[in-house]
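Just below is one structure, and these are the notes that go with it.
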Amino acid sequence: MAKPGLPQGTRDFGPEVVRKRQYIFNTIRSVFELYGFQPLETPAMENLDTLMGKYGEEGDKLIFKILNNGLDNADKHEQARADFEKVLEGKNVKGLTERALKYDLTIPFARYVAMNHGQLTFPFKRYQIQPVWRADRPQRGRYREFYQCDADVVGSNSLLNEVELANIYKDVFDQLGLTGFELCINSRKILAALAEYCGGAEKMTDITIAIDKLDKIGLDKVKAELAQRGLNDDQINTIEKYLGISGSNEEKLQRIGVLLGHLETGKKGIEELDFVNRQCAGASGGSLVIDFTLARGLNYYTGIIFEAKAPATVKIGSIGGGGRYDDLTGLFGVPNIPGVGISFGVDRIYDVLEELNLFPEGVYTGTQVLFFNLGAEESKTAFTTMQDLRKQGVRCELYHEPAKMNKQFNYAEKKNIGFAVIIGSQEIQNNSAVVKNLKTGTQETVALADLSNKLFI
RNA sequence: GAGGUUGUAGCUCAGUUGGUUAGAGCGCAAGUUUGUGGCACUUGAGGUCGUGGGUUCGAGACCCAUCAUCCUCCCCA
């Protein structure tokens, strides 16, 4: 028999880990609900052509494709072989792969909105917490299956939505105790204006990809990359000026105005940032940072973009991101539905909380009371007593077989159970039970009838 | 897609320039203790050294291949 194993980049989650993950999910979900977002779920798989071409050239390569069933059918052999030849040339063929695992939650959501826009009440605010898959090479903080938690508002152009989303980030990270996170914000319009100003509007993607790496590789390497991507010295000098902008949010806005304020798109972008910055200043404190180097890879963003960064001490980088897309459903034939959304990367948030030791004690609690099993007769009484407690909402279990107390204590210890209820022959005679607090070691004898009045915490 | 790292007990890892019977800690089981745990002590179980070839009198160690893993780049959460 082959050794059991997991597909690369996937993980099992044991009981403790699930509890901790649930803690994160619940925190995020409750904040989403608090802001009036409604839940949505979409299938694990989508039609391949729903996904292809939405994430850029690199993204297409990272989509997990699903091999069609029934290819071994003799009638289809010839067609399958021909199709395979095409795949070897790097093409996608419906005959072989019609479906794919979803790559993110935004495109499936756009597909859903496009299919249901007639029935939806706009603005439609939905949140979605589901796994997504990427055929990436796994490494630190990067998996092939991971969860995203998205919240999007579609059908509204108001920048108030951006403000709300920024505050959701703050609320969630505050509740998780993750002080020191940074919410970086920029506008694609400013990036577009920069490209336009350089005289290379069509080079916007090249420019954004390069400058996004500034904090990672440094100015010199960014300039080298810009040159390699076909920008001339003049253009690079302008970009260097742009990247050199620093100071407080207000100072940055003032300085970018000098550089790009004369351009229509630039002016708009600055107004957007200014509005969000002002609105958040009171509410969300100092966590909002205007960062002109923030670019984000996904092509469909058109306005404000967000990126939540873990505290610098944890070298894990982005723990969430999002932005505005003016015409997402246009890709699916339904134009003029604007939207803005954000995403939390739970797997990375988990790693950050773990590293900073921020999980609260409470997440580890499971069973509250272990009933000892001291024999066939004794365990009958224990069982009925236990069922009474369960009706009161106390989480209980009965040791699965008669055993030495030693063993049963150890079991309780391992499972971090707070109380033992011991019912032996003596207790049965007196209609009582011994309740022992396993943390403190103190114990008392309680009448069976009074047991349900006890608080096992 | 490119580059590198590591694979030895359930887990974390030692294992010298190639040499007889492959070790430790933790965990597990039993006992000291037949109704009171955590500690301590004693004893025990558990390995085809990732897999397949090769070099050698002799390979856990050296060579080749292969699989897996983790990490870096690309890109991303």
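We name chains A, B, ... by the order of the sequence lines, and we start the count at 1 in each one.
- Counting any heavy atom pair closer than 4.0 Å across all strands shown, Lys407(A) reaches sugar-phosphate atoms only and no base atom.
- The nearest whole Å value for the distance from the CZ atom in Arg134(A) to the P atom in C74(B) is 17 Å.
- Rounded to an integer number of Å, the gap from Gln426(A) CD to U36(B) C1' is 12 Å.
- Of the candidates G3(B), G35(B), C75(B), the closest approach to any side-chain atom of Leu62(A) belongs to C75(B).
- Within 4.0 Å of Asp136(A), counting heavy atoms only, lies at least one base atom of the nucleic acid.
- Rounded to the nearest 0.5 angstrom, Glu145(A) CD and Leu6(A) CG are separated by 10.0 Å.
- Atom name C1', nucleotides C63(B) and C73(B): the rounded distance is 30 Å, in whole Å.
- Taking a 4.0 Å limit (strictly below) on heavy-atom distances, residues 439-448 of chain A reaches RNA chain B at Gly441(A), Gln443(A).
- The pair Arg229(A)-Glu225(A) meets the salt-bridge criterion, since a charged nitrogen lies less than 4.0 angstrom from a carboxylate oxygen.
- Distance noted for atom C1' between G15(B) and U21(B): 15 Å (whole Å).
- Interatomic distance, CD of Glu397(A) versus CD of Gln368(A), reported as 11.5 Å (0.5 Å rounding).
- Considering Tyr147(A), Tyr127(A), Phe173(A), Phe306(A) as possible partners of Phe344(A), the one that fulfils the ring-ring contact (aromatic ring centres under 6.0 Å, His included) test is Phe173(A).
- If you check every strand for non-hydrogen atoms under 4.0 Å, Ser343(A) touches nothing.
- Close to U72(B), at under 4.0 Å from its OP1 or OP2, lies a side-chain N or O of Gln139(A).
- If you measure from atom CD of Glu57(A) to atom P of C76(B), you get 13 Å, rounded to the nearest angstrom.
- Heavy atoms of Leu438(A) sit under 4.0 angstrom from at least one base atom.
- For Asn410(A) and A40(B), the CG to P distance is 13 Å, given to the nearest whole Å.
- For Arg142(A) and U69(B), the CZ to C1' distance is 17 Å, given to the nearest whole Å.
- Remark: the Arg348(A) side chain and the C76(B) base include a donor-acceptor N/O pair separated by less than 3.5 Å.
- Residues Glu58(A) and Pro7(A) each lie close to RNA chain B; by heavy-atom proximity, the contact nearer the 5' end of the strand is made by Pro7(A).
- Picking from U36(B), G27(B), C76(B) the nucleotide with the shortest atom distance to the side chain of Lys414(A) gives G27(B).
- One atom, CG of Asp351(A), and another, C1' of C76(B), lie 15 Å apart when rounded to the nearest Å.
- Atoms NZ (Lys61(A)) and C1' (C73(B)) sit 14 Å apart, rounded to a whole Å.
- Within 6.0 Å of atom CG in Asn430(A), more than 12 heavy atoms from other residues, nucleotides or ligands are found, so the atom counts as buried in its surroundings.
- In this structure, a donor-acceptor pair under 3.5 Å is absent between the side chains of Asp136(A) and Tyr143(A).
- Atom pair Asn373(A):CG and G35(B):P shows a separation of 13 Å (rounding to whole Å applied).
- Atom CG of Leu273(A) sits about 4.5 Å away from atom CD1 of Ile190(A), to the nearest 0.5 Å.
- Heavy-atom distances to RNA chain B give each of Gln8(A) and Ser318(A) a nearest nucleotide, and the one nearer the 5′ end belongs to Gln8(A).
- Residue Lys213(A) is in sugar-phosphate contact alone, with no base atom involved, counting any heavy-atom pair closer than 4.0 Å across all strands shown.
- Rounded to the nearest Å, the gap between the P atom of C71(B) and that of C26(B) is 29 Å.
- Comparing C74(B), U36(B), G37(B) by their closest approach to the side chain of Met405(A) singles out U36(B).
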**Request:** Could you walk me through whether Arg21(A) and Asp347(A) pass the salt bridge (charged side-chain N to carboxylate O under 4.0 Å, His left out) test, one step at a time?
**Result:** CA-CA 8 Å; Arg21(A) 288 169 62 85; Asp347(A) 301 81; 3.1 Å; yes

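- When distances run from any side-chain atom of Arg229(A) to the nucleotides C76(B), U36(B), C75(B), the shortest one goes to C75(B).
- In this structure, the separation between CZ on Arg324(A) and CD1 on Ile304(A) is 8.5 Å, given to the nearest 0.5 Å.
- A cation-pi arrangement is found for Arg126(A) relative to Phe109(A), the charged atom lying closer than 6.0 Å to the ring centre and inside a 45° cone about the ring normal.
- Of the candidate nucleotides G35(B), C75(B), G38(B), G35(B) has the atom nearest to the side chain of Val434(A).
- Rounded to a whole angstrom, the distance from the C1' atom of G52(B) to that of G7(B) is 15 Å.
- Look at the C1' atom in both C57(B) and G46(B): the space between them is 33 Å, to the nearest Å.
- A heavy-atom distance below 4.5 Å is found between the side chains of Ser425(A) and Glu378(A).
- In this structure, Glu46(A) does not pair ionically with Arg99(A), as no charged nitrogen and carboxylate oxygen lie closer than 4.0 Å.
- If you take atom P in U16(B) and the same atom in U42(B), they sit 29 Å apart, rounded to whole Å.
- Among the heavy atoms of the strands, none lies under 4.0 Å from Gly321(A).
- Using atom P as the reference point in both U66(B) and U5(B), the two lie 16 Å apart (nearest Å).
- Residue contacts for Phe344(A): at a heavy-atom cut-off of 4.0 Å it reaches no nucleic acid atom on any strand shown.
- Relative to the side chain of Phe146(A), the nucleotides G37(B), A2(B), A77(B) differ in distance, and A77(B) lies closest.
- Across all strands, Glu427(A) comes closer than 4.0 Å to base atoms (heavy-atom distances).
- Heavy atoms of Ile349(A) sit nowhere under 4.0 angstrom from any nucleic acid atom.
- Separation of the P atoms belonging to A22(B) and C70(B) is 31 Å when rounded to the nearest angstrom.
- Salt bridge absent: Arg19(A) and Glu16(A) never bring a charged side-chain N and a carboxylate O closer than 4.0 Å.
- A stem is defined here as three or more consecutive Watson-Crick or G-U pairs, each with both distances under 3.5 Å; for RNA chain B these stems are B:1-4 with B:70-73, B:10-13 with B:23-26, B:28-32 with B:40-44, B:50-54 with B:62-66.
- In this pair, Phe409(A) does not lay its aromatic ring on the base of G38(B); centres under 5.5 Å and planes under 30 degrees do not both hold.
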